Visitor: 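Okay, here's the structure, questions in a sec.
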Amino acid sequence: MRNHRVVVTRHGGPDVLQLVEEDLPEPQAGEVRVKVLAAGISAYDLMFRGSGSFPGSPRVPFTLGEDVVGVVDKLGEEVSTLEEGQTVAGATFCLGVGGGYTEFICLPASELVPVPPGVDPAEAVCLVVNYLTAHMAMHRTAKVQSGERVLVHGAAGGVGTALLELGKLAGLEMYGTASKYNHKLVSALGATPIDYRTEDFVERIRDLTGDGVDVVFDPIGGARQLWRSYRVLRKGGRLVWFGVAATKNEGLRVIPLTVLMRTLLALIPDGKRAPLTADLGKDNAWYRETLAKSLDWLAEGKIKPVVAGRFPLAEAARAHELLERGGYAGKVVLVASA
Ligand SMILES: NC(=O)c1ccc[n+]([C@@H]2O[C@H](COP(=O)([O-])OP(=O)(O)OC[C@H]3O[C@@H](n4cnc5c(N)ncnc54)[C@H](OP(=O)(O)O)[C@@H]3O)[C@@H](O)[C@H]2O)c1
């Protein structure tokens with residue numbers, strides 16, 4: 001049997017994604033080989049593919065994909081926690097930029113969490129990065145309390161929909177910015193939608209709430225955006241910035257300006273805060289426990305991730321085109337051919 005893997009051959013548009021055939025990878029000690037059923041595509045993948053100047057962008061050739069769900073196909077030596085045939089989910093952080101766009105991948109057993117039976121692999125893969133990012137932002141960084149008011153930017157995106165689902169479970173009052181075509185979804189997920197393209201969200205939040213919100217989750221970035229997000233906080237409020245979606249329209253210069261603005265905002269002694277979120281891959285015990293709990297919630301029907309589209313591995317370029325075009329909601333997933 002041979003492996004097929006999608007490789008970024010040079011930086012550029014979706015057409016630089018090439019499917020290559022190679023020998024099956026062999027698991028090292030402590031690793032297992034996983035036959036991938038679903039691999040997530042993230043906004044970062046487009047940034048890494050598009051430019052070698054994006055911070056952390058690896059040298060070509062490389063394979064993208066930071067989250068996978070699949071079946072354990074072969075055990076390396078010294079693995080006692082997993083069995084062949086078991087379905088598992090996990091992140092590829094330990095490999096650097098990724099590696100998930102492939103039929104087979106070898107990962108340390110310590111990075112993988114068993115998936116309960118009957119769970120859709122495409123839904124499960126949404127949990128690994130998006131729901132954990134949302135969980136980290138909501139519970140470890142913002143430390144939300146039931147009844148608090150939050151504004152979620154990019155509310156119909158992969159992380160945004162996860163924040164809304166977790167926010168509902170946490171008993172929050174929610175507002176979400178999204179394009180008009182996504183407002184029905186944002187409402188269905190329990191938030192009051194705000195059209196960031198045609199409305200001033202600062203004014204809308206003032207009109208809707210009076211004194212503002214307790215937390216803003218901002219994956220958009222940009223100095224002006226962060227300043228405006230900070231302004232809608234009421235006393236004791238927290239601005240949680242965790243992404244740079246604004247680079248899509250404004251380019252890489254957004255990144256240093258966003259970092260500078262967050263640092264300045266954190267220095268203002270006005271009772272509001274702008275805490276930094278921790279890296280998902282840093283705390284393995286938290287990562288495993290939170291992913292396992294999220295998978296249980298999925299199996300119990302407490303959460304239902306929004307899958308924007310499912311594409312066969314060989315059509316990764318078409319999936320990237322969808323992300324570039326926009327107009328979708330939730331997470332785009334590569335799935336194994338039947
Ligand atoms: N720190 C971490 O661990 C971590 C992990 C994952 C992601 N991220 C960051 O989070 C960002 C979002 O990731 P994602 O996977 O959720 O991306 P995504 O699925 O592409 O969602 C982003 C959404 O943001 C919306 N949007 C774009 N510009 C906006 C604006 N000015 N105001 C409000 N909404 C806007 C768009 O929605 P509409 O179609 O409704 O316009 C878009 O679909 C990424 O860029 C990445 O930087 C960080």
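In this chain, residues are counted from 1 in sequence order. Indexing begins at 1, ligand by ligand and atom by atom, following the structure's order. As the structure is a prediction and not an experimental result, all values here were calculated from the model.
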Visitor: Determine whether the side chains of E111 and Y287 contain a donor N or O and an acceptor N or O closer than 3.5 Å.
Guide: no

Visitor: Checking ring pair (Phe, Tyr, Trp, His ring centres under 6.0 Å) against H153, which of F217, Y196, F242, F201 comes through?
Guide: F201

Visitor: Do D45 and Y101 have side-chain atoms, one donor and one acceptor, less than 3.5 Å apart?
Guide: yes

Visitor: Strictly under 4.0 angstrom, heavy-atom based: which residues surround ligand 1?
Guide: A43, Y44, M47, T133, G154, G157, G158, V159, T177, A178, S179, Y181, N182, Y196, R197, P219, I220, F242, G243, V244, A245, Y328, G330

Visitor: So, are K74 and E26 salt-bridged, with charged N and O less than 4.0 Å apart?
Guide: yes

Visitor: In terms of side-chain geometry, is the basic nitrogen of E22 or R2 positioned less than 4.0 Å from the acidic oxygen of its partner?
Guide: no

Visitor: Would you mind writing out the side-chain donor-acceptor pairs for residues 243-253 within the sub-3.5 Å range, not counting sequence neighbours?
Guide:
| unit_1 | atom_1 | unit_2 | atom_2 | d |
| --- | --- | --- | --- | --- |
| T247 | OG1 | V244 | O | 2.8 |
| K248 | NZ | L323 | O | 3.0 |
| K248 | NZ | E324 | O | 3.3 |
| R253 | NE | E250 | O | 3.4 |

